[in-house]
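See structure below.
Values below: all heavy atoms of this structure, side chains included; hydrogens, waters and symmetry mates excluded. Here is how names work: the chains are called A, B, and so on, in the same order as the sequence lines, proteins then strands, and each is numbered from 1.
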2 protein chains.
Amino acid sequence: MLPEERKLSILNAAKEMFAINGYHDTSISDIIKRADIARGTFYLYFKDKREIFDALFDQLLQKINESLMRVTIAPDQKPPLDQIAENLHRIFQLAMNDPELARILFRHAPGLDSITDQKIEGFYNKIASLVEGALALGEKMNIVKKGDFKLISIFITGGVKEIMDRITRPENHMPQIDKIIKELIDFNLQGLASGTADIVQTQE
Amino acid sequence: MLPEERKLSILNAAKEMFAINGYHDTSISDIIKRADIARGTFYLYFKDKREIFDALFDQLLQKINESLMRVTIAPDQKPPLDQIAENLHRIFQLAMNDPELARILFRHAPGLDSITDQKIEGFYNKIASLVEGALALGEKMNIVKKGDFKLISIFITGGVKEIMDRITRPENHMPQIDKIIKELIDFNLQGLASGTADIVQTQE
DNA sequence: TGTTAGACTGACATGTCAGTCTAATTATCT
DNA sequence: AGATAATTAGACTGACATGTCAGTCTAACA
């Protein structure tokens, strides 16, 4: 087996084990058993257990980063709403294509140590600020009404995380991605209030 | 020191250590050092490390459970929107009163093992279904318009989680609780769309 | 002064697991 | 074929955390 193939196969074995059992409950023995290699072989390719975890995790963060585009209004761009829908589509699709990595991100990476936590925090902050930027842009274009965009972008980020978490579980009972995106955009734009009633005073 | 005091002091030491370093990176030695007791004393009060963690965690889940009321329209009840605001107020306040427990819930409990994960999942499912129930009620009352309530309730649950996570961090830069609740309710009801423009076709 | 209850102590036995080491095996080249 | 290099197997080591237990200490009471 070529070195490159071997490395990938070890990474893959580790990914599967980490996704199921997490970092601490996955031993080197578990990984090499699944990869069907000897102990020493593992250490030819990775310095230690932490290095292989970081390799997997960083790879995921980078993929998500690459799939998120800032929303702009350049002349060669699609409408902002389409750009948003495409962003959502890309990250949902990415997560569903590699549910094990998603499991690691959502279940097993948080709280691992302060370095990993910082990576995660910086990452979500980036997403939230991207959303915030889109809202600010929308306001400037008179599409979006005023509000605490910082707060709302955090709320939206949390909502999107939760949806991603759900659609990447083994027992995924969620609707199709496009259906989800349509529903989310509608909800975020129009809210829940029925147009026909004055909500706040309905109880009088 | 009375046994009851001692037990509380150990629980408190453990809570602080777990909140900072998580379950795996907190050793019994760390806990007893902070509680200023000998090793054996710890085992007089708790069977093992896991038992003290579960004690803390279950206590938090129960507190949150108790603070969440189902939204109804009994004659002696306040309007639904007020009930929702009060629910939000109670859980936000609860979390801020004990930020260490919140840290454990958000950072360190997920992914610990399948039993803890199931507790967490069941717990969030309960919240989501509570939200879903409120939406369904709203629809029946003609306050809320039709939609995929299951999906939306998951999204909202994620958003609320994210806000709770943020306001319970040591470096909390979020607005006041009442301000947050007002903003969230407005956003969820009315959405982002400015009333003055037709959003979807703005880019033509 | 002696006795008892029971909270508390801390040295130690036990187990686990990441990472190392060496010998054996396989592949590559001359 | 023989030499050399690359790769592999898996036994082994050492560090560290958990949980135990025989014994101490204190305060109250007889």
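Per the geometry, CZ belonging to Phe42(B) stands 15 Å off P belonging to dA17(D), to the nearest Å. Here the P atom of nucleotide dA17(D) and the CE atom of Met17(B) are 12 Å apart, to the nearest Å. Residue Ile32(B) contributes atom CD1, which lies 14 Å from atom P of dT20(D) at whole-angstrom precision. The distance from atom CD1 of Ile28(A) to atom P of dT16(C) is 17 Å, rounded to the nearest whole Å. Taking atom CD1 of residue Ile52(A) and atom P of nucleotide dG19(C), one finds them 12 Å apart after rounding to whole Å. In this structure, NE2 of His24(B) is placed 16 Å from P of dT16(C), rounded to the nearest angstrom. Taking atom OH of Tyr43(A) as the reference point, atom C1' of dG19(C) lies 4 Å away to the nearest angstrom. Look at CD on Glu5(A): it is 12 Å from P on dT8(D), rounded to the nearest Å.
A donor-acceptor pair shorter than 3.5 Å cannot be found between the side chains of Ser114(B) and Asp117(B).
For dT7(D), the OP1/OP2 oxygens have no side-chain nitrogen or oxygen of Arg6(A) closer than 4.0 Å.
Within 4.0 Å of Ile37(B), counting heavy atoms only, lie sugar-phosphate atoms of the nucleic acid but no base atom. Thr41(B) comes within 4.0 angstrom of a nucleotide base, judged by non-hydrogen atoms across all strands. Counting non-hydrogen atoms under 4.0 angstrom, Phe46(A) reaches nothing in the nucleic acid. Counting any heavy atom pair closer than 4.0 Å across all strands shown, Lys47(B) reaches no nucleic acid atom.
Side-chain contact between Leu151(B) and Phe187(A) is absent, with no heavy-atom pair separated by less than 4.5 Å.
Ring planes of Tyr23(B) and Phe53(B): perpendicular class, angle over 60° (limits at 30 and 60°).
How far CD1 of Ile64(A) is from CG of Asn87(A): 12.0 Å, rounded to the nearest 0.5 Å.
Of the two residues near DNA chain C, Pro3(B) and Arg39(B), the one whose nearest nucleotide lies more 5' is Pro3(B).
Closest approach of Phe46(A) to Ile10(A), counting heavy atoms only: CE1-CG2, 3.7 Å.
Among dC8(C), dT8(D), dG19(C), the nucleotide with an atom closest to any side-chain atom of Leu44(B) is dC8(C). For Lys49(A), whose side chain is taken as the heavy atoms from C-beta onward, the closest listed nucleotide among dA18(C), dG10(D), dG19(D) is dA18(C).
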